[in-house]
Structures are given as C-alpha cells and as structure tokens.
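Encoded as structure tokens, the structure appears first; notes follow it.
One-based numbering along the sequence shown. Just follow the structure's listing: the first ligand is 1, and inside any ligand the first atom is 1.
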Amino acid sequence: MPLPKAELHLHIEGTLEPELAFRLAARNGVELPYPDTDALREAYRFKDLQSFLNLYYELMAVLRTEQDFEELADAYLARAAAQGVRHAEIFFDPQAHIARGVPMATVVDGLWRALGRSVENHGISTRLIMCFLRDESADSALETLEAARPHLGRITGIGLDSAEVGHPPAKFREVYAAAADLGLRRVAHAGEEGPPAYITEALDVLGVERVDHGLRCMEDPDLVARLVRERIPLTLCPLSNVRLRAVDVLAEHPLPAMLDAGLLCTVNSDDPAYFGGYADDNFRAVADTLGLSEERLRELARNSFLASFLEDDEELRARYLAEVAAYEFG
Ligand code: HPA
Ligand code: ZN
C-alpha cells in the first residue's frame, strides 16, 4: 500500500491520457492531428512550459460534454486512489473550455458527477480550484469569476496558471480581491519559470495562502526565510520540473535542500498524463533518485494534509494525519 497523501497541485486537463483522448475524439467527431496514441506520445518532448501548454490546450478539443469531464475526473481518481491519494484539490481551466464554446456549467457539473461520488467510489475527498489563465487578460479573469458565481458552492478556491514569464501576479490583483471577498481560498503558480519576485508578489498582492511550484525561491535567501517563517506551503512537482526543463535532471532537484531549509514542501504530479507519473510515482522518483529517508517521505505526506484546505473538516484532516503517522513502509 502506498504512503497516504493529499494531492494539491493537479490540473484535471493534464490527466488526459492518450487513450482517453482518442476515445473522446471519436465519440465527439473531433479530428486529432496525430494518427494514433504512439504518435501522440512522441509529441511529449517539451523544451519548456510553453511547448507543453501548446499540446495541453490542443488536446482539450476532445472535451465537450458533461460526460467527458466526468470520465476524465473519474479516470484520474481511480489512478490516484491506487497511488495512495486520500484527498485531492483539483485545478481546472474554465477559460480554455469557454473559449471553445463549452460553458462553465458543463465543466463544473461534469467534474462534479465524478467528484460528488469520489468518497464512495474511490475513498478520496476532493476540492475544486478554478484557475485563471495568466496569459489572458485581467478582464477575462473577472468575467470568469462572474461566470462561476452560480457554482461557487462547489468551488473552494482560485489559482493562476499557464505561461508565467511576462504575466506577473499583480496583473490579477482585482480578481483575487473579489475572490477573497467571496470567501474563496487563494493559490497561484509562481517561481516555476518566473523569478522569485513573482512569489513575493503573489503573497503580497494576491494574498495567496499556498504557492504552486515556488521552486525558484531558492535563488533568494530572504524569501526562503520568509516562506519558512510564515509556513507558506509549496506544491512541488518534481517530474514536471524535469519534463519542462525547470531542472536539468531529477538528481539536481532542490527538494532535499528545500526540506533542509525548513520549507513546507509537498510533492505532486501537476499534469501526470504528460509528465510520466502520478502522485506516488513522484514520491518514488524523489525517494530513489534523491535518496530521501522514510522519515522525509512521511514528512512530505504529513505536509500535504497540513497544507490542504481542510479547515472546513478538521476531523477528516486529523484522520488522514493519523493514517500517515501509522503508515509502515514496506
Ligand atoms: N504551469 C503552468 N500552467 C500549467 C501547468 C504548469 O505546470 N500545467 C497546466 N497549466
Ligand atoms: Zn501546475
């Protein structure tokens, strides 16, 4: 049995496996510019974030109906359960769907058909986090928050993703303030490809409670000290960092140094269909390649529940933490 863990950095659209993409393409009469799944997998060679995003947005064309989103989420939850995930805070990118004529309601209701039954079907509690695309305008983000209003009972928080460099967090000051007024939790991708200053800005201007990636904080010792002092969680995605060339090789990943510095790190899969592994695959990769001890791995699992947005169910968080404490490594 894998170590019990929460997954806090997971784009549901990034769980679209080639086989499901082709099945949905056939069902929806969508033509994919690849002859078969092998040819599609061949395209999974990324030189940076943008080269990945191009394919990520292209393949979304197959997602059209509530049933498509349900099947996508259900397939992720089944895989996650097998990898020890007990709680998942799941990102989705509504602007990428609305732009293709797929309404917000189709996306949220479709995802909810799977998430609403996830505890019974997969033993995984879930939360939804709606991300804004930072390479779209601030007005578009505000319109998206407006479109989400009827669905806020199902949405726990907001995030910020897509192409980072050139789109600093401050661009989204207004929509983050509006979301805070609505009682939404706030996270943002920062310091994946962008500079450490973007992490500081996400904290100071957007009021984020957790930083997605945050890898480049290591270039700024004062920022590291602040993140440690304020107990700001970082949702790291080691296999993603290798595939998108944020680090050269996994052996050079700064995770051990980050843990030694006292940062509240978590390990996540980001876009597992594209980056070669789900949650426990990431845990096993860092355990093997970076030589993390069992106690370090237990710390990462504990951190994942401490960093999760379970303030609305502290009893559940306590149960998960007890599972981590009682876990026996095989
Ligand atoms: N970074 C930014 N945007 C994204 C990512 C990511 O890793 N995955 C999906 N959208
Ligand atoms: Zn991400």
Remaining members of Leu264's ILVMFWY cluster at a side-chain heavy-atom cut-off under 4.5 Å?
none
Please list, in chain and residue-number order, the protein N/O/S atoms closer than 2.8 Å to the Zn ion (ligand 2).
His9 NE2, His11 NE2, His189 NE2, Asp270 OD1
Pairs in or reaching into residues 125-135: which pass side-chain hydrogen bond (donor to acceptor under 3.5 Å, both in side chains), with residues at least two apart or in two chains?
His87-Ser125, Ser125-Tyr320, Arg127-Asp312, Asp135-Ser162
Starting at CD1 of Ile232, measure out to CD1 of Ile199 and round the result to the nearest 0.5 Å.
11.0 Å
Indicate, with yes or no, if the rings of His189 and His167 have centres closer together than 6.0 Å.
no
I'd like to know whether the aromatic ring centres of His9 and Phe91 sit less than 6.0 Å apart in this structure.
yes
Is the terminal nitrogen or CZ of Arg210 (NZ for Lys, CZ for Arg) located under 6.0 angstrom from the six-membered ring centre of Phe309 and within 45° of that ring's axis?
yes
Nearest 0.5 Å please: distance from the CG atom of Leu24 over to the CD atom of Glu19.
11.5 Å
Assess Lys5 against Phe283: is NZ or CZ under 6.0 Å from the centre of the six-membered ring, and within 45 degrees of the ring's axis?
yes
Aromatic plane relationship, Phe275 with Phe52 - under 30° parallel, 30 to 60° tilted, over 60° perpendicular:
tilted
If you count only heavy atoms, which residues are under 4.0 Å from ligand 1?
His11, Leu49, Phe52, Leu53, Tyr56, Asp161, Ser162, His189, Glu192, His213, Asp270, Asp271
